[in-house]
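Just below is one structure, and these are the notes that go with it.
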Amino acid sequence: MTTHYLVLSALLFAIGGAGVLVRRNAIVVFMCVELMLNACNLAFVTFARQHGNLDGQLIAFFVMVVAAAEVVIGLAIIVMIFRTRRSASVDDANLLKY
Amino acid sequence: MGETITFWVLAVVSVSAALGLVFSRKAVYSALMLGVVMLSLAVLYAVQDAPFLAAVQIIVYTGAVMMLFLFVLMLVGVDSADSLVETIKGQRFWATIAGLGFAALLALGAGNMVFAPAKGVGAVQEAGGNVPALAQLIFTRHVFAFEITSALLITAALGAMVLAHRERVRPKATQRDLARARFTGPQPSPLPGPGTYALHNAIDMPALLPDGSVSPQSINRVLARHEQEDGVRPTDPVKAALVKQVIDKDVAIEEDVAATEAAHQEDAK
């Protein structure tokens, strides 16, 4: 079963990565990043069971904490950009380009 | 056997929900699809002897993180659809190719690995079960990382407060100011309500003036905008022209407000 779980995790990770590349809405891009983090967690939990120790589950727990902090900051930044530029599209935030 | 069935059902559900997350045009649907993926992953954790993580996944992800996403979606505007303009030429095509290639690479790599039968975590969590075993690890070997986590959470909370805080650049308008602005403005009275003078009592029917013509002030701006976005135009050409006029005026006002806000922020700096 380990292989099955790992392939599922790989598929979810790749879908999330493709979403980050394709989508333009900053919030949806953020959701795709969350999807990639979740896929990694699945792989960690699977490896924890494969190797018979709990360190994988522990790392997944830490990943969840970091993801929660990241979501808070990221969404605050998106709200701030939206307030000044009236847009949540990643194409519109291009002032650093020049 | 039970695990195999659970896995296949949830694998199909989560992969199709993930595809829906990427392909749905409205951001709210994407958020709901992400919720489906997270719930199925929680069940997969529970199946793999990680009941604590399954509970945390549901509480933290589907509870807190998804609510935060939906809340910000409501703030930013639910109807903010993706722009279909490609800034980089051919980006969508090549991104899809890259995604497919990456999926194939990872899946083939993982699929070709050969594993011994899984040891299972039953042996290491004999003393009381999953949660005490995890707690023992957290508070002994990984205690330093755990302490750093608290610093991270405090920093995140402070950062969110600093980022989301808005300085008041103008004094708050009192009732006196509001009344003065209203009577110096173009229309002291309330706008004519839609539909109340006509045959219909619906909000999308504009009010009629005494001579039978349509009053442009009674056209609902939000409905007019939705009609324009959905491609539904009034059949009456006079009304269609009025709706277009209202929308144009609305856009002009929005640009004006944005320019004033930008100017105010420049002043604040």
Side-chain angles (χ1 to χ4, degrees), chain A residues 1-8 10-19 21-25 27-28 30-32 34-35 38 41-42 45-46 48-55 57-58 60-62 64-69 71-73 75-80 82-84 86 88-89 91, chain B residues 3 7 11 14-15 18-19 21-22 27 30-31 34 37-38 41 44-45 48-50 53 56 60 64-65 68-69 72-73 75-76 80 82-83 87 92 95-96 98-99 102-103 106-107 110-111 113 115 118-121 123-124 133-134 137-138 142 145 149 152-153 156 159-160 163-164 258:
Chain A
M1 270 328 263
T2 305
T3 315
H4 293 72
Y5 283 110
L6 289 181
V7 171
L8 173 64
L11 279 183
L12 290 179
F13 191 89
I15 292 173
L21 292 178
V22 168
R23 296 302 298 255
R24 290 273 146 279
N25 189 332
I27 301 176
V28 180
F30 223 66
M31 287 183 206
C32 292
E34 289 302 308
L35 181 64
N38 268 289
N41 277 353
L42 181 62
V45 172
T46 308
R49 190 167 73 152
Q50 172 69 31
H51 295 298
N53 63 37
L54 285 175
D55 285 321
Q57 293 189 16
L58 195 77
F61 173 68
F62 279 128
M64 280 182 190
V65 176
V66 173
V71 164
V72 169
I73 294 295
L75 289 180
I77 291 175
I78 289 176
V79 167
M80 200 179 68
F82 180 77
R83 226 184 246 155
T84 50
R86 293 279 139 200
S89 171
D91 278 343
Chain B
E3 190 193 339
F7 173 81
S14 57
V15 167
L19 287 174
L21 157 70
V22 175
S30 297
L34 186 59
V37 176
M38 286 168 174
L41 285 187
L44 286 182
Y45 295 163
Q48 294 200 359
D49 300 325
L53 275 186
V56 170
V60 171
V65 170
L68 208 58
F69 267 119
V72 170
L73 269 181
L75 271 181
V76 166
S80 58
D82 264 15
S83 69
T87 339
R92 255 165 239 273
T96 317
F102 192 55
L106 278 181
M113 278 189 260
F115 288 105
K119 284 182 186 164
V121 286
V124 286
L134 267 180
L137 268 184
I138 288 178
H142 299 276
T149 304
L152 174 75
L153 286 177
L163 285 174

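Predicted model, so just to flag it, every value in this text is computed and none were measured. Residue numbers begin at 1 in each chain, while the letters A, B, ... track the order of the sequences.
Residue contact with chain B, scored on non-hydrogen atoms closer than 4.5 Å, involves the backbone and the side chain of A:Phe61 alike. Heavy atoms of A:His51 lying under 4.5 Å from chain B belong exclusively to its backbone. For chain A, no part of B:Ala64 is nearby; none of its heavy atoms comes within less than 4.5 Å. B:Leu75 touches chain A through backbone and side chain together, each having a heavy atom under 4.5 Å away. At a 4.5 Å heavy-atom cutoff, the contact between B:Val15 and chain A is made by backbone and side-chain atoms alike. Of the atoms belonging to B:Leu21, heavy atoms from both backbone and side chain fall under 4.5 Å from chain A. Of the atoms belonging to B:Ile138, heavy atoms from both backbone and side chain fall under 4.5 Å from chain A.
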Query - A:Thr2 and B:Met113: CA distance, side-chain angles, deciding distance, side-chain contact (heavy atoms from CB on, under 4.5 Å) verdict - result: CA-CA 10 Å; A:Thr2 305; B:Met113 278 189 260; over 6 Å; no
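Taking B:Gly159, B:Ser30, B:Gly99 one by one and counting their heavy-atom pairs under 4.5 Å with chain A, the maximum is reached by B:Ser30. Chain A forms the most heavy-atom pairs under 4.5 Å with one residue out of B:Val60, B:Val65, B:Val56, B:Leu53, and that residue is B:Leu53. When the candidates A:Met80, A:His4, A:Met1, A:Met31 are compared by the number of heavy-atom contacts under 4.5 Å with chain B, A:Met31 comes out ahead. The choice from A:Ala48, A:Ala18, A:Ala69 that makes the most heavy-atom pairs within less than 4.5 Å of chain B is A:Ala69. Across B:Ser14, B:Ala107, B:Ala110, the residue that shares the most heavy-atom pairs under 4.5 angstrom with chain A is B:Ala110. Per-residue counts of heavy-atom pairs under 4.5 Å with chain B were compared for A:Asn41, A:Leu11, A:Ile78; the largest is that of A:Asn41. Interface summary for chain B: among A:Val72, A:Leu58, A:Val7, the most heavy-atom pairs under 4.5 angstrom belong to A:Leu58.
The CG atom of B:Leu163 lies 5.5 Å from the CD1 atom of A:Ile73; values are rounded to the nearest 0.5 Å. Between the CG atom of A:Leu75 and the CG atom of B:Leu73 there is a distance of 8.5 Å, given to the nearest 0.5 Å. Residue A:Phe62 holds its CZ atom at 11.0 Å from CG of B:Leu152, rounded to the nearest 0.5 Å. Between B:Leu68 atom CG and A:Phe30 atom CZ the span is 9.5 Å, to the nearest 0.5 Å. The line from CG of B:Asp49 to CD of A:Gln57 is 7.5 Å long, rounded to the nearest 0.5 Å. Atom CG of residue A:Leu35 and atom CE of residue B:Met38 lie 8.0 Å apart, to the nearest 0.5 angstrom.
Looking at residues two or more places apart in sequence or on another chain, you find a side-chain contact (heavy atoms from CB on, under 4.5 Å) between B:Ala11 and A:Leu8, B:Phe7. Taking B:Tyr45 as the reference, nothing meets the ring pair (Phe, Tyr, Trp, His ring centres under 6.0 Å) condition, with sequence neighbours excluded.
Residues A:Arg23 and B:Val22 approach most closely at NH1-O, 2.8 Å, considering heavy atoms.
Between A:Phe13 and B:Leu106, some side-chain heavy-atom pair lies under the 4.5 Å cut-off.
Remark: the backbone N or O of A:Leu42 is not paired with any side-chain donor or acceptor of B:Gln48 at under 3.5 angstrom.
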